[in-house]
2 protein chains.
Amino acid sequence: MRPRNTTDGIPEASIARLPVYLRALQSLADQGVTTVSSHQLAIAAGVNPAKLRKDLSHLGSYGTRGVGYEVDYLIYQISRELGLTQDWAVAIVGVGNLGRALANYGGFASRGFQIACLFDADPRQIGTRVGHHVVHDIADLERIVVEKRVAIGVIATPAAAAQQVCDRLVAAGIRSILNFAPTVLSVPPTVEVRKVDLSTELQILAFHAQRRALSELEALDVIDYPDIERLDPRAVSRADEPPDRPRRVAGVSR
Amino acid sequence: MRPRNTTDGIPEASIARLPVYLRALQSLADQGVTTVSSHQLAIAAGVNPAKLRKDLSHLGSYGTRGVGYEVDYLIYQISRELGLTQDWAVAIVGVGNLGRALANYGGFASRGFQIACLFDADPRQIGTRVGHHVVHDIADLERIVVEKRVAIGVIATPAAAAQQVCDRLVAAGIRSILNFAPTVLSVPPTVEVRKVDLSTELQILAFHAQRRALSELEALDVIDYPDIERLDPRAVSRADEPPDRPRRVAGVSR
DNA sequence: CCGATTTTGTGCACGCATTCACAAAGTCGT
DNA sequence: ACGACTTTGTGAATGCGTGCACAAAATCGG
Ligand SMILES: NC(=O)c1ccc[n+]([C@@H]2O[C@H](COP(=O)([O-])OP(=O)(O)OC[C@H]3O[C@@H](n4cnc5c(N)ncnc54)[C@H](O)[C@@H]3O)[C@@H](O)[C@H]2O)c1
Ligand SMILES: NC(=O)c1ccc[n+]([C@@H]2O[C@H](COP(=O)([O-])OP(=O)(O)OC[C@H]3O[C@@H](n4cnc5c(N)ncnc54)[C@H](O)[C@@H]3O)[C@@H](O)[C@H]2O)c1
């Protein structure tokens, strides 16, 4: 073994939190704070202090016992670990509602992500300006992606086109993809896909909201009905009948 | 104990996957498929079949051994569990780039989420139309949220305004919040916040992209340099010097 | 009616992540 | 120079999630 401190393999869960720490640190730096304890930073980042320290310990031993962490130095170390000391060229495919919002967003450039080019398949979009870019024809994707050294592809097309677009991004050599379309993409194992699914987020919120509503109902009025299934707790939109349950319906299906 | 099948407490990890299964099932239903095995559905959803079965088993015993799951029936059961048999009214605060994209998106209504109202603080936005809604003054938030029975709030304002907007949503009785601003929101424990952070996603992609680049470099040329720290593997934007590391620098800090 | 076949539902083992709790390390005041 | 105090870094315990592997259940053909 050699004294290579940052051995390797930082746990995924830690990596996902590093950007949060980074943002909290930058906010502290803006306020003129030069030194921060794990406790303070943990509060700012919304995590447990022990978890924060363990996460940071994966990068190396950058704190000072009795004092805390030097804000600027830690910002640099996290940025370096995340690969933010260089710029990354990003291509956005699909300049509809969402693609436009992303293209116009200023918050990426400041974090080292340069929108390098935009693509669409719609002839009415091609050639128009969005932000300070001209929308390219998807037909030119491979050429331009290579020319501009694009490393990250963002898919903001309808779901039906997503796999096809993904295949072309991969063919052009891109191995990091952020997918906004609600589809499961299949890619070779060398390619990493991350999915952002807004409907899913809302559905998870709905699940918990329903749970809350239900448990509150039970808490106050209900006398614990017998076994009759109470399909819909909120007794409003009960209109749509449940689909024919499987025909076999054995007598004792528990 | 009573024969209440869906006892309670479905693991969070399972809940987060239910929307994915739901979408895969709907796609199958559209193709006319009436019955599906855990294996097929698992492929469509991009997960392990055993995991899928265990997830579904938390909802009840809705499969038929030797056959599989009835597509329509399973769609109904998952929808019910997620609370999608009723409609949910959603308010969007901040109609900038992102808020507009969300307001114009058609994919929410079809999943039971109705955009009920839009808010902004900018006088130039207030009163304008976005989608088929008029943008309301944020000053009227509490009143309108109660009137329209809004259950879910979406924050699409700049980070600086997010906590303040959040507080008002909570004051108006909303207990489910989807936050797009890059801030940690603090809320009472009765309120659930989910965060969608696009910059974080890109940063995670960048981390892995850097790892790949680095390990490929090492794989072919490098003769394993001695201990000199190699800060930047890509030797390009090496311009910016690392910040002054903590002054104390002990001799043997390992 | 029975036996071969398919596929579910789940017990179990394993590994990763979280959190506690504490010794080691460093600071700061006197 | 020293002792009280602060805060890091990490061992150890616990809990959660994943996936294998298999018995139980149901179908179907003969
Ligand atoms: N807008 C939102 O708020 C939102 C929310 C959740 C999910 N999504 C998802 O994000 C994706 C984009 O949403 P949107 O609202 O921007 O859709 P949109 O219809 O407004 O835009 C899609 C764009 O993709 C282009 N396109 C279609 N096929 C293409 C192809 N093969 N190659 C290149 N471009 C192509 C279209 O011309 C269009 O400009 C969709 O999959 C949608 O489900 C969007
Ligand atoms: N646009 C993107 O693609 C993108 C990507 C990642 C993150 N985000 C985040 O999403 C948020 C919105 O981004 P955007 O690009 O739409 O910003 P934007 O500046 O285009 O829009 C913000 C809107 O919020 C309104 N607003 C400001 N203060 C308000 C208040 N107190 N109450 C109500 N409305 C208020 C503004 O008037 C403006 O219309 C930001 O926090 C941004 O960091 C956006």
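So that the names make sense, note that chain A is the first sequence line, chain B the second, and so on, each numbered from 1. Remember, it's a predicted structure, so these values are computed and weren't measured experimentally.
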Okay, side chain of [X], backbone of [Y]: is any donor-acceptor separation there less than 3.5 Å?
X	Y	result
Q210(A)	L84(B)	no
R212(A)	R175(B)	yes
Q163(B)	S186(B)	yes

Interface residues of residues 185-193 of chain B with DNA chain D (non-hydrogen, below 4.0 angstrom):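 Those residues whose heavy atoms fall under 4.0 Å from DNA chain D, taken from residues 185-193 of chain B, amount to none.
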Find the distance [X]:[atom1] to [N]:[atom2] and express it as a whole number of Å.
X	N	atom1	atom2	value
K51(A)	dC16(C)	NZ	P	17 Å
R17(A)	dA17(C)	CZ	C1'	8 Å
E12(B)	dG17(D)	CD	P	8 Å
H58(B)	dT8(C)	NE2	P	16 Å
L52(A)	dA17(C)	CG	C1'	15 Å
I15(A)	dC16(C)	CD1	P	14 Å

Minimum heavy-atom distance between [X] and [Y], given as atom pair plus value:
X	Y	result
Q203(B)	P19(A)	OE1-CB, 2.8 Å
V191(B)	I174(B)	CG2-O, 4.1 Å
I204(A)	A16(B)	CD1-CA, 3.8 Å
A45(A)	V20(A)	O-CG1, 3.7 Å

After noting the C-alpha distance and the side-chain angles of I10(B) and E81(B), does the key distance pass the side-chain contact (heavy atoms from CB on, under 4.5 Å) rule? CA-CA 10 Å; I10(B) 303 174; E81(B) 192 65 36; 3.3 Å; yes
Taking 4.0 Å as the cut-off, does a side-chain nitrogen or oxygen of N48(A) come that near to OP1 or OP2 on dC20(C)?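 Yes, within the criterion.
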Going 5' to 3' along nucleotides 7-16 of chain D, which nucleotides have protein heavy atoms under 4.0 Å from the base (write B), which only from the sugar-phosphate (write S), and which from neither (write -)? BBBBBB----
